[in-house]
Protein chains: 2
Amino acid sequence: MKDNTKLFKALSDVNRLRILKALQSKTLCVCEIKELLNLANSTVSQHLKLLKEVGFIIEEKDGKWSNYRINPLPGDARINAVLNSLDFWISDEDMIISDKKKIKALNRTKICSS
Amino acid sequence: MKDNTKLFKALSDVNRLRILKALQSKTLCVCEIKELLNLANSTVSQHLKLLKEVGFIIEEKDGKWSNYRINPLPGDARINAVLNSLDFWISDEDMIISDKKKIKALNRTKICSS
DNA sequence: TTTACATTTCGGTAGTTAACGAAATGAAAT
DNA sequence: ATTTCATTTCGTTAACTACCGAAATGTAAA
C-alpha cells in the first residue's frame, strides 16, 4: 500500500509535475532545472531523486553532468499510464506553456558556470 | 496548477484510498468508516471532507446520519478516470480485501451507539 | 595532483498534514 | 423543550515535507 501512496505523493507537488513536463520536451541537467524552477539545486536534486525512485525518470551520468530524462521503460504500468497522458492529468497548462518557452531558451554552458 | 496537486494529494494517503475502495463496495456513514479504519471519527470526518471537496465522493444526510458514497457524476474527467480504474491504481490488494470482509460484517446500529 | 565545477548529502527551519480528544452543532425522538 | 446521539469544528501535538545554504563527493581538465 505504501507503493500506491508514494506514486501519488510524487505527483502531488507542483515543482515535480513541472519537472516531468519539462523532461518530456527535453533531457535536462540539474542546473537547467534549477534555472527553470528558480529553486536551489539541492532542492531540485531532492525532487529528481524522488521522481527517480518512483520510476518516472532516469539519470544518465555524462562526465560531471547528470542528465535526467523520462523513463523510457517503466516497470510499473501505472507510471507508463501517467507519463503517456500527463496532459490529461495536468489541466492547468499556463505554467507548462511558459516553461516550454523557457526550456527552448536554456543554454547549459551559460547558466551552469557562474 | 493547485487543482492538479490537490487531486493527487487526496490520493496520496493510505486511509483515503481505503475509504474510496470501501465506498465502492458500499455506502457508509462516518462511524462505520471509523470502525473500519480504527481512527477517531474527527479524523475520518476530515478525510471525508477532503475527498468530497476534490469531488471523489458525495454526502447524503439522512436524519442524524451522514451517508457517504462515490460521486456518481464527477464534473472532472480525471476523477472519473481514477474512480473507474481504482484497482489499476491500487495494486496492493491485501488490505483492500481484508477491508471488504470487514465491511460486510459491519452493523451500523451495533457500532454507532456505544 | 591540484583545480574547477556539477551534483549530492547534511543540518536546520518554516509550513503542512494527520492524528487525537473535547467542545460545538444539528437533527430526531422523548 | 430537553435529551440523545452522529457528526463537525476547534485546539493541540507529532511527524513529515519543501526549502535553503554549506559542506562533502565525484569527475574531468589543467
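- To the nearest angstrom, P of D:dT9 lies 12 Å from CG of B:L48.
- If you check every strand for non-hydrogen atoms under 4.0 Å, B:S66 touches sugar and phosphate atoms only.
- Protein atom CG of A:D62 is 11 Å distant from nucleotide atom C1' of D:dA28, rounded to whole Å.
- Taking atom CG on A:L51 and atom P on C:dT8, their separation rounds to 13 Å, with Å as the unit.
- If you take CG of A:L50 and P of C:dT9, they are 13 Å apart, rounded to a whole angstrom.
- Across all strands, B:E59 comes closer than 4.0 Å only to sugar-phosphate atoms, never to a base (heavy-atom distances).
- Taking the side chain as every heavy atom from C-beta outward, A:T43 and A:H47 approach each other to under 4.5 Å.
- When every heavy atom of B:L36 is checked against every heavy atom of B:R18, the shortest pair comes out as O-NH2, 3.7 Å.
- The listed nucleotides are C:dA19, C:dT8, D:dC20; the one nearest the side chain of A:T43 is D:dC20.
- Comparing D:dT8, D:dT9, C:dA19 by their closest approach to the side chain of B:K49 singles out D:dT9.
- Checked against C:dA18, C:dT8, C:dG26, the side chain of B:K64 finds its nearest nucleotide in C:dG26.
- Between B:R69 and B:T27, the shortest heavy-atom distance links the atoms CB-OG1, 3.3 Å.
- If you check every strand for non-hydrogen atoms under 4.0 Å, A:R16 touches sugar and phosphate atoms only.
- Residue A:Q46 contributes atom CD, which lies 14 Å from atom C1' of C:dG12 at whole-angstrom precision.
- Look at CD on A:E53: it is 14 Å from C1' on C:dT9, rounded to the nearest Å.
- Residue contacts for A:K61: at a heavy-atom cut-off of 4.0 Å it reaches no nucleic acid atom on any strand shown.
- B:E60 places its CD atom 16 Å from the C1' atom of D:dT7, with the value rounded to the nearest Å.
- Contact check for B:D87 versus B:K21: side-chain heavy atoms found under the 4.5 Å cut-off.
- B:S45 places no side-chain N or O within donor-acceptor distance of the main-chain N or O of B:S42, the cut-off being under 3.5 Å.
- Ranking D:dT7, C:dT7, D:dC19 by closeness to the A:V30 side chain, first place goes to C:dT7.
- When each of A:K9 and B:C29 is assigned the nucleotide of DNA chain D with its nearest heavy atom, B:C29 is the one assigned upstream, toward the 5' end.
- Atom CD1 in A:I19 sits roughly 11 Å away from atom P in D:dA18 (whole-Å rounding).
- Both A:S42 and A:W65 sit near DNA chain C, but only A:W65 has its closest nucleotide nearer the 5' end.
- Considering only side-chain atoms of A:L39, the nucleotide from D:dC20, D:dT9, C:dG21 that sits closest is D:dC20.
- In this structure, of C:dT7, D:dG21, C:dG21, it is C:dT7 that holds the atom nearest to the side chain of A:N41.
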